[in-house]
Student: 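Just passing along the structure, written as structure tokens.
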Amino acid sequence: MTFGAKLQTARQYINGRWETGVTTGTSENPSDTRDVVAEYARADRNQTELAIRAAAEALPHWSLSTPQRRFDVLDHIGGEILARKSELGYLLAREEGKTLPEAVAEVTRAGQIFKFFAGEALRIPGETLASTRPGVQVDVTREPVGVVGIIAPWNFPFAIPAWKIAPALAYGNSVVFKPAELVPTCGWALAEIISRSGLPAGVFNLVMGSGREVGQALVDSPRVNAISFTGSSATGERILQTAAARRAKVQLEMGGKNPLVVLADADLDQAVDCAVQGAYFSTGQRCTASSRLIVEAGVHDAFVSRLRQRMVNLKIGHALERDTAIGPVVDRSQLEQNLAWMEIARAEGAEHVWGGAMLESATPGHYMSPALFLAKPEHRVAREEIFGPVACVLRADSYEPALALANETPFGLCAGICTASLKNAMHFKRHADVGMTMVNLPTAGVDYHVPFGGRKWSSYGPREQGRYAAEFYTTVKTGYMLA
Ligand code: UN1
């Protein structure tokens, strides 16, 4: 199968078979809304139940599969994704709207994640400890957590499903995967590759549809032992309440309002580069985006004017066009929300520096110019997650108040600092109340082999990615034996 600009038909994958849905939906290209990317099958609760049952029935066999078998499956999936990265990247850019280089990089990351977890399947850890009692042996082993429900967002349609599905399979779990409604074709393309990797029927299932029907069925079902979710804080909160009440394991990755601190001793060009990449690339649609630029007074005006200069020259356009720096917003409702934030920011007294306008283009799409405000810490634009190309600058008198401002948020995903001072960099790494820190680097754009996740209201449950993924996708058993 190859993906050109043609219409795709995406079906559910349940118990090793491709199924039509109860209804049919369409997905469109945000760079050109005349381009229908796919017609896709939409599941309801009953069809989701069938997928869950298939996963539960496939679990006992797969949970006892050998590490070699799991390695082979994951290595095969990773290999095919990498071999087809241009074509899959094209599909991703067409359906989600990030630029083609960003999309190909994301697909590459997805392939590398499967390869990484192929290796992890061969390294499932355990320990043997000396007992406190004579003649007794103690060991700690890891077992699969069971049927895993995976609810993925639209902003990384390949990488995020990959970093949930790959560890789930590596540690012997079965999976029901629900991609986001805006990107069903990417989810289906990934499922299509997984379907040919040698997995027994039922181990991996794809169900597309709404959060209200499909997502809710996953969260409610007593057969689903663990839920891994990335998306909005409000949905995460609801999932947590329901899943915790029935004692399911939960992993949530939600919002961010990530600070990038720029100190007066920073390399200003590098700092502006970090800000542009972190705040505006991928159209700002990343939970790791730098949306609060906290700048030391001594360089405040110079930083703002250089940043503005860079923004003016960024080419906003069709995701598949060669010289586009920033693609469209993902859909109309997200665009409307972003534009509503422009009004909120102005009304509360934030000073508008540049951008935030809806743009016309050669093709009808959801285009807007990236926006920058000078804000006060109490402004909503500086406190709430926007999930679009909107950032604000906050002024700080010196390092200490900058750190305090960085931490003054209910979120705690990542925090960056641009500085030439080793002392301040080390202090910031230790005292930023977040799960990930970046020094002289953008807050967005992470490695695939180390833990990903945050603190406070950004994340809940064990970390994703790297070998720390085992904490969520396995459960430990302590064994005692009289030798
Ligand atoms: C990245 O910044 O490279 O939804 C990854 C998100 C994150 C992934 C960010 N879970 O934006």
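This one's a predicted model, so the numbers in the text were calculated from it and none came from an experiment. Throughout, residue positions are numbered sequentially from 1 according to the sequence presented. Basis for what follows: all heavy atoms, side chains included, without hydrogens, waters or symmetry-related copies. All ligand and atom numbering here is 1-based and tracks the order in the structure.
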Student: So, for W163 and F452, is the gap between ring centers shorter than 6.0 Å?
Tutor: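 When the ring centroids of W163 and F452 are compared, they turn out to be within the sub-6.0 Å range.
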Student: Can you list the ligand 1 atoms lying under 4.0 Å from a non-hydrogen atom of N155?
Tutor: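 Those of ligand 1 that fall under 4.0 Å from N155 are 4 (O), 6 (C), 11 (O).
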Student: Can you name the closest pair of heavy atoms from N173 and Y473 and give their distance?
Tutor: ND2-O, 3.0 Å
Student: Under 4.0 Å from a heavy atom of A444: give me the atoms of ligand 1 that qualify, with their elements.
Tutor: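 The list of qualifying atoms is 2 (O).
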Student: Is it the side chain (CB and beyond), the backbone, both or neither of W163 that lies under 4.0 Å from ligand 1, heavy atoms counted?
Tutor: side chain
Student: Can you tell which part of R109 has a heavy atom less than 4.0 Å from ligand 1: side chain, backbone, both or neither?
Tutor: side chain
Student: Which ligand 1 atoms, with their elements, are less than 4.0 angstrom from a heavy-atom of I160?
Tutor: 4 (O), 10 (N)
Student: Where is the nearest protein heavy atom to atom 7 (C) of ligand 1: which residue, which atom, and how far?
Tutor: C287 SG, 2.7 Å
Student: Looking at the rings of F373 and W341, which for Trp means the six-membered one, are their centres under 6.0 Å apart?
Tutor: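 Ring centres of W341 and F373 not closer than 6.0 Å.
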Student: If I apply the N/O under 3.5 Å rule, does F387 come out as touching ligand 1?
Tutor: no
Student: Establish, from distance only, whether the side-chain atoms of T230 and K164 form a donor-acceptor pair under 3.5 Å.
Tutor: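 Side chains of T230 and K164: pair found under 3.5 Å.
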Student: Among all protein heavy atoms in this structure, tell me which lies nearest to atom 2 (O) of ligand 1, with the distance rounded to 0.1 Å.
Tutor: T288 OG1, 2.6 Å
Student: Decide yes or no for F281 and T99: does some side-chain heavy atom of the first lie under 4.5 Å from some side-chain heavy atom of the second?
Tutor: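 The answer is no, as the side chains (C-beta and beyond) never meet within the 4.5 Å cut-off.
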Student: Quiz question: by atom type and distance under 3.5 Å, do the side chains of S290 and N258 form a donor-acceptor pair?
Tutor: no
Student: Answer yes or no: does an N/O atom from R286 fall short of 3.5 Å to an N/O atom of ligand 1?
Tutor: no
Student: Applying a strict 4.0 Å limit to heavy atoms, is G445 in contact with ligand 1?
Tutor: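 Contact present.
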Student: For H352, is the NE2 atom crowded, meaning more than 12 foreign heavy atoms sit under 6.0 Å from it?
Tutor: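 Atom NE2 in H352 is crowded, with more than 12 foreign heavy atoms closer than 6.0 Å.
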